[in-house]
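Below, all heavy atoms of this structure are taken into account, side chains as well, without hydrogens, waters or symmetry copies. One-based numbering, in listed order, for ligands and for the atoms of each. Residues take their numbers from the sequence shown, with the count starting at 1.
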Amino acid sequence: MDNRPIGIFDSGVGGLTVAKQVMKVLKNENIVYFGDTARLPYGSKSKETVTRFSKQIVRFLLTKNVKAIIIACNTASANSLEELRKTFDVPIFGVVVPGASEAVKATKNKKVGIIGTLGTVRTGEYKKLICEADSSIQVFSKACPLFVPLVEEGWTNTEITKLTAKEYLGELLKEGIDSLVLGCTHYPLLKRCIGDIVGENVKLVDPAKETAITVKNFLIDNNMINDGKEDKNHIFYVSDYTEQFDVLCEKALKKVYKPQVIDIESY
Ligand code: DGL
């Protein structure tokens, strides 16, 4: 047994959708969440910058005595997981590996769509992992940078969002995909809108759920599960606080957790 918390980090508030799945699948675990709200978006930044930011965050989370770390951010997972694993002596999980493996399981016609930020799509990481698992699968990727600001505006199912989704997803649909990976923390909040556009024959894959299951299996295999005897205590940190955090926290977790602000540049 290991009752230390699990660290989860993201470029901002989108990672709360991953925290939600972790809370669901790992009911006894405590979470220390960090959202880099002062420096987002990560999706438009270089690999070097995203990796530098991610290293600072891991250093910060290690001061909170975490037993494992989940990179909730797809962009940071795709760009920095390998480097973080090389640098730090703590189990670190990204969302891209579990998301890719779920997509391989989901597709029947072997045509998979990937949507994410520019920074995620640029790495080709989802495509690489899916093709390594099954080289007969065709992968079609599309960066959808406007989705993040639309979600942050609270426009999860407005006419503008529907039109944007239609524009972005049209070319993937033309390719005949039967599965679509929601490769960005914010996209699960657009599930209804995206689902309406792609129709019920396209399966939406949310990497967060599979990530939570992967971490659960790891904790069980290594006898690191929380025994649940102490009261649960989730703690949230951000690098900049605005009411936007409360709004998205309420949306993703159905509860408002007040975050503490920390100076991430000092780590
Ligand atoms: N969290 C990022 C991701 O999942 C989206 C927001 C951003 O660009 O920072 O890729």
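Residues meeting the side chain to side chain contact (heavy atoms under 4.5 Å, CB included) test with Ile262, sequence neighbours left out: Phe34, Phe60, Tyr237, Ile264, Tyr267. In terms of the ring pair (Phe, Tyr, Trp, His ring centres under 6.0 Å) criterion, Phe140 has no residue partners (sequence neighbours excluded). Residues satisfying the side-chain hydrogen bond (donor to acceptor under 3.5 Å, both in side chains) criterion with Arg59, sequence neighbours excluded, are absent altogether.
Under a 4.0 Å N-O distance rule, the pair Asp196/Lys162 does not qualify as a salt bridge. A salt bridge is defined here as a Lys NZ or Arg NE, NH1 or NH2 lying under 4.0 Å from an Asp or Glu carboxylate O, and Glu171 with Lys174 fails to meet this definition.
A centroid separation of 6.0 Å or more is found between the aromatic rings of Phe9 and Tyr33.
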Report each N/O pair between ligand 1 and the protein that falls under 3.5 Å, naming both atoms.
| residue | atom | partner | partner atom | Å |
| --- | --- | --- | --- | --- |
| ligand 1 | 1 (N) | Asp10 | OD1 | 2.8 |
| ligand 1 | 1 (N) | Ser11 | OG | 3.1 |
| ligand 1 | 1 (N) | Thr185 | OG1 | 2.9 |
| ligand 1 | 4 (O) | Asn74 | N | 3.0 |
| ligand 1 | 4 (O) | Thr185 | N | 3.0 |
| ligand 1 | 4 (O) | Thr185 | OG1 | 3.2 |
| ligand 1 | 8 (O) | Tyr42 | N | 3.4 |
| ligand 1 | 8 (O) | Gly43 | N | 2.8 |
| ligand 1 | 9 (O) | Ser11 | OG | 2.6 |
| ligand 1 | 9 (O) | Tyr42 | N | 2.7 |
| ligand 1 | 10 (O) | Thr75 | N | 3.1 |
| ligand 1 | 10 (O) | Thr75 | OG1 | 2.5 |

